[in-house]
Structures are given as structure tokens and as C-alpha cells.
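What follows is one structure encoded as C-alpha cells, with my remarks underneath.
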Amino acid sequence: MSYPILVLRSLALLFALTVMSLDQPAFAQSALRIGVIDAADGSMVKGAQLAARQINDEGGIVAADGAAFSLTVVHTPPDNMEIAIANMGQASVVAVIGPARDELVTRYMTQLQALDVPVITPATGDTVLLQDNSNRIFRSRARGSVTTAALSDYLVNALGIRSIRTVQLDRASTVALITLANALSPYGVSLSNTLVNEIELDADAIARDIIESDPDLVAIYGPPLASAQVYNRLRAAGYSGAMVYDQADDPAFSNIVPADNLMGIIAADTWSPSLRDAASEAFVLDYARAFGQLPDALAAASFDATRAVAASIAGFGSVSENLAVLSRFRGVQGQLNPADLVHGELSSNAVVTRLNERGTANVVARYRGGRRISEGAPLVAWESPTPAPIPTLAPTSTPSGHTLVVQSPVQNVRSGPGLQFDVIGQLPSGTQARVLGATPDYVWLVIDFQGQWGWLASYLVETFGNHALLPVIQPPASPTPAPTSTAAPSRDPDLVVLRVDPPRIILDQPVTVSVTIRNQGLTAAGPFAIATSFQPGDRYAGLNSAGLDAGEQTTLQLSQILSGATGPQSVIIVVDLNEQVPEGAAGEANNRVYAYSYIADRAILASGTTTIGVGNIDLDGFGYPDLTWSGADLIALGEAGMYLLNDVSSIGHVHYDAVDTSLATLTSLPLALLNGAVLGLRTADGHHAVLQLINATRDGTITFDYRVYR
């Protein structure tokens, strides 16, 4: 590249960044920049600008060392992401907000991570954060499965919906439909889907078919123009049941549907300007005064993200570390609890809306952490950006939902369920992805891979979640295989790890880990060693073996004492550490692929499964009752207290440091909130404990799993 071109590009970049900062006021303090990847008039830019203006009016940010800073917002459009990311780097931003689209975050994940600052996206795709291994990618609003779960709860429990007909007008809606099916499955509600080619759309035929099936509700998925045609024909044909469509505010839809027909359309989102709590009303008014228009959910998420970054700058440690452990932070969207959520998630807030007679979306239900709350719930006003000192970084929990983790160094992703299908890409070891569905025998799993379905063999990955709730996905037609020659099997030895136990390691005491190894080769393997470095503490453990005959397997014991923070861990078990066994190319390739995933935890005082009738419950066996079951409520006794561990689906995911006894302020929980709930507890004797309700019947018995720590 010639020198003049370099100069011109540098001048253009400098000019772009200068223009982006013109609307920011000057301050005597040093200025910190937050970058926004959004159009100049985009709602994310406006939300960040409003938050920065308010923070500066309040005196700016005072860091932990006493230094004072003002906050300024720079922005660049997402039209060319390479240039946008370069602009952010040149501007020396402390954090980036955006981009908003799932595919942009996924495609440019590596470049965004390389900025080495927190990147906070409002993208709601469930798989977006699962690809991050840097702990610097965050999400500013609830993921899609959270809002879909809120919608499902409202449809079933508030409206009594039992039969749902979906109309799918494009392939891009497949993931959303699978997510809806998963959310409805626990309620026993199944979907009947009609897949339609929007180019050859016969809205009259669709309407006739739906009228004949007479469902309680129709949900339309697809682009606004085609969806409006189907919606109009349904109403014209006399369908008067409930309707769901999540883009009813798009002019391409609302300008085609008569105004008096818009009433009643239901949707779910992360926030709505029609919320009536003090924080939302103040935000809407301030935003309207500043920009002459109403804010949307992206503006609210950007406002909250800017406030959260400011609070993280004010604490000790890096911005990314502090952002990850913010607890009960008050945002416009509602209470934000990054410390209690899967790493990277800032919010679990959702709303369900319904259009009124003027086409305005009114909030009819509000949710936090998967549970419905009152619309005027407390803890929803933004918080001062000068919080108490940030605590030590909390360990992340196992990903929620049905998730897979790649175990091999490189895992092929195929276009269908079988080795005869083409390889469409690869995933490296440790990659996590949300499972969207499976074959009936659960041998092949489906993920969202770069905007299309990708198939992986279930026996080559580790999975989390109840696969019985996964939808069955019909595979594509098998391709015609090309003729291949049959290669003779290798006669080399091949050492592989079959399994490692236990799934939970107790810290600060001797632990023995059992590693089962098999020689799956055709010849004997001589002496070899196995080893790993256990976490926390990076404690090395190794062991020598005399060898294994062909087809033989053995179990070796690795011993160590670990200390440190509790939480999920994953380490690689290395086989043939010193490369003593000549295994050939294939055998050598699988010597460092087995990931042993476990939970490091504190010693347990008592645990088990208990069923009792109405009466007192002594969890730790010290003779002082901790709880009582009244037949209608679970009540804490004495110094005991409890709280709901939102976004934790199983007691198996909980560890000592995940239970914060300072939050255990509830003294009573009604039956309606108990079944399936996971509770953090402080016992009457002051011990950390966790309890998961299995079943409770009014005036009858209560069954639960529990664990009390020493």
C-alpha cells in the first residue's frame, strides 16, 4: 500500500472519530470513552449518550483510587465491521456497546475479543455467548429463550392456551420455533406448524386450514409484509382467537393491517416504554426530551449497559471482572444480576405486551429470572455509579438450557446426521453451543452453526440438560455417497480415556480421581503415564502405568489436595504424557482431548432427599429446626433465611460460593413458588445450604433434595 493512501486512511479515521465525539460536552476531568457500534441516529447511541450525560451531570465517575473521570460516547456504524472494530481500537474505548445483530457478533467474535475491553451486545440469540472463551463478551438484555419462556408462561397460565398453531414463513424462524416448542413442553402444550414459502404465499388457503383446526392461538413467524397478508386473511376469514407476532410495530406490518385489527396482538420483549415503574417512566421522559421520540428496548439496554460500565470503572479490578460480578444492580430494564447468571449475561428481565385499540403495546406481564413479578416491582430504578467495592470474581455456573461442550481438539460439524453428510465447518475443543434438537435416538444433535443447522454426534460431546424435552428434528435426505476404498485398520496401540469420576471434588482434603483408560488399538501398549493439572490452584497430578494389552482397560487413580474458590472446572486428562507408546497419527491425536468437567466444592455436612409432612425440618441435624412446612408455605425459623436462586435449574449446579447467605432474607415462600425452585439457605446455625423442591402438595407432604455445607 502506498504512503499517500495510508495517510488518507489515517486522516479519514481521525476525522470519523472526531465527528463521533462532537456532541459530547467538555469537562475538566479526564474523559473515558465508551464506544457504540450503531448508526449515528440509532437508539443504542442515544441510550448511551443519555446515560453518559446524566452520569456527568452527577459529577462523573470516581474510580477506586480517587481519580475523577467524565464519560464520553463515540460511535461508528456497523456497515463495515472491520472498520468499525478498528475505529473502536483507535479510540481507546474502555468498553464497546453493540453490534446488535447476532450474526455480526458471531462472525466477528475473534476481532471483538481482541479489543481487550468488555463488548456488550444486545443480541438475543441463545448461542451468541456460548462461543466466547475470553470472558469479555457480555449481553445487555435477556436472551431469546428467556423472553420466549415468559411468553409461554403468560399464554398458558394467564390465558389458558392449550392448542397453538404456528405459521412459519421463512427458514430463519426455525430456531425461534424450536425455542417456543421447548418452552411450552413442560406445560404439555405442543405446536402444530405450517411451513410456507413466502414467495408462493397462499394466504387464503392458510386461513381456511387454520379456521378448520380451530386453535386457541395462532403465532406467525416471518417477515412483516408476508405476515401482514396472512394476518389480514385470518381476521377476514373470521378467526377471533389470540394472535402472537413479534414485529407488529414494524411499519411494513402495521401500515398494511387496518388499525382496528391490530388490537390484541401479543409479543414478548426485554423492555417496553409502557412500563409504569418509576425508572422506566423517568427514562422515557428524559429520552423523549433529549431526542424527541420514544425509546425502544435497544435504547434501554444501552442505557443500562453504560450505567453498568460506569459502576464497574468505579470498583477495584478490571472493568470486565467487575461487570461480571455486579449484583442486584438497578437498571431501567429491572434488576440486573450478572453475578447470579451464566457468565456474560447481565439481565434476565422480560415483558409480555398486548396491543390496545390504538395499536400501542401495553405490558400485561413482567418477568425476572423466569418468574413473573408485579409490574411495579421494586429495585427497578437505576443505581448510582459509585457502588460498594466489587467482590472477588465469582466462578461461572454450568450453562443453562440444553447445552453441549466439544471434547475433541477439533469437532466436525456436518450438514446432516451421519458421516455421509458434508462437513460444513469445525469447532475447537471447549466450544459450547445450545442444542436445538436431536434425532429420535439422540445419536445426533442439532445446533445453530453460522445461520444454518449443524449436526454433531452426541457421543463425541458432553451435554447438559434433559434431552427428553428436545424436539425431534427430521434429517435432510441422505446424499449419494461417492465410491470409497476400504482401508485396513491400523495395528498401532491407541490409548483413550473412557470416563473420569467423581463429578464433584471437595476442596482442602485428599481427593482421588478415577481415570478409566482403554487400549482400543490392535496391539499392546507398553508403559505410559497419565497426568493433569487440577483446578483451582493448578495442582499437578500424574501416574505411571505398566501398559495395556489390545482391547484391555484399566482404572488409574490420581490424587491431590485442592484449595481455592468453589465452582465448575474443566481440565484435560493427558494420556501417554511422555509419548512412550507409538500410537500412529490417529492415536497420538486423541491423547490430549478428554476434558474432565467437575465442580470444586466445600465439604458437606449433610445431604440427601427427604419427604416429610407438615412440621419442622432440621437440615443439618444439630437439633435446631431450620424450616417448617405449614402445608401451604415453607417458613424459615430462628436465624434461618432463604432466597430464590434464579436461573439455576438444578441443585447439581450449585456450589458453596454460589450461595450468598447475605441474600437469604426471605422468611416465607408460598406453595405457588416452590415446585422445582432452587433455594439458597442460611440454616439456623449459620451454615450455607441449598435446597431444591421436587414436589409439594397443599396440606400434604413436601419432597426436596438438599445439601448443607460445613
Side-chain angles (χ1 to χ4, degrees), residues 32-38 44 47-48 51 73 78 85 88 93-102 104-106 108-147 270-271 297-315 317-350 369 382-383 385 387 390-391 393-397 399-400 432 434 647:
L32 296 176
R33 296 186 180 93
I34 287 184
V36 183
I37 301 179
D38 192 18
M44 287 197 303
V73 175
I85 294 170
M88 295 292 97
V93 297
V94 296
V96 172
I97 296 174
R101 290 163 50 198
D102 291 4
L104 291 183
V105 181
T106 300
Y108 296 98
M109 176 72 72
T110 301
Q111 295 95 315
L112 290 168
Q113 291 170 332
L115 288 170
D116 201 27
V117 298
V119 176
I120 311 170
T121 174
T124 56
D126 277 25
T127 61
V128 170
L129 295 191
L130 294 180
Q131 302 174 51
D132 174 48
N133 56 11
S134 70
N135 290 335
R136 290 192 294 272
I137 308 298
F138 296 83
R139 194 200 313 268
S140 57
R141 55 183 185 151
R143 64 184 186 272
S145 58
V146 171
T147 54
T270 55
W271 180 81
L298 288 176
S302 182
F303 182 92
D304 282 349
T306 305
R307 283 268 178 191
V309 168
S312 299
I313 295 170
S318 73
V319 178
S320 292
E321 290 173 342
N322 293 344
L323 195 59
V325 296
L326 283 179
S327 181
R328 306 185 79 179
F329 184 84
R330 301 176 184 181
V332 166
Q333 299 173 94
Q335 181 175 285
L336 309 182
N337 272 316
D340 295 335
L341 303 176
V342 174
H343 193 282
E345 303 285 0
L346 301 187
S347 174
S348 60
N349 295 284
W382 54 257
E383 193 172 61
I390 300 297
L393 181 65
T396 59
S397 61
S400 60
Q432 298 177 352
R434 180 166 175 264
D647 295 301

Looking only at heavy atoms, which two atoms of [X] and [Y] are closest? And how far apart?
| X | Y | answer |
| --- | --- | --- |
| Leu323 | Pro118 | CD2-CB, 4.1 Å |
| Ala123 | Val128 | CB-CG2, 4.4 Å |
| Arg136 | Gln113 | NH2-O, 2.9 Å |
| Ala142 | Val146 | CB-CG1, 3.8 Å |
| Val94 | Val117 | O-CB, 3.5 Å |

When you measure from the side chain of [X] to the backbone N and O of [Y], does any donor-acceptor pair fall under 3.5 Å?
| X | Y | value |
| --- | --- | --- |
| Arg139 | Pro122 | no |
| Ser302 | Met44 | yes |
| Asp132 | Met109 | no |
| Ser348 | Gly369 | yes |
| Asn337 | Ser327 | no |

Heavy-atom side-chain contact between [X] and [Y] under 4.5 Å:
| X | Y | result |
| --- | --- | --- |
| Ile85 | Tyr108 | yes |
| Thr270 | Asn349 | no |
| Leu326 | Ser312 | yes |

Calculate, to the nearest 0.5 Å, the distance between atoms [atom1] and [atom2] belonging to [X] and [Y] respectively.
| X | Y | atom1 | atom2 | result |
| --- | --- | --- | --- | --- |
| Arg101 | Ile37 | CZ | CD1 | 12.0 Å |
| Arg33 | Met88 | CZ | CE | 10.0 Å |
| Leu336 | Leu346 | CG | CG | 6.5 Å |
| Thr121 | Arg141 | OG1 | CZ | 8.5 Å |
| Leu341 | Ser347 | CG | OG | 8.0 Å |
| Phe138 | Ile97 | CZ | CD1 | 12.5 Å |

**Distance-only polar pair, side chains of Asp304 and Gln333, donor-acceptor under 3.5 Å** = yes
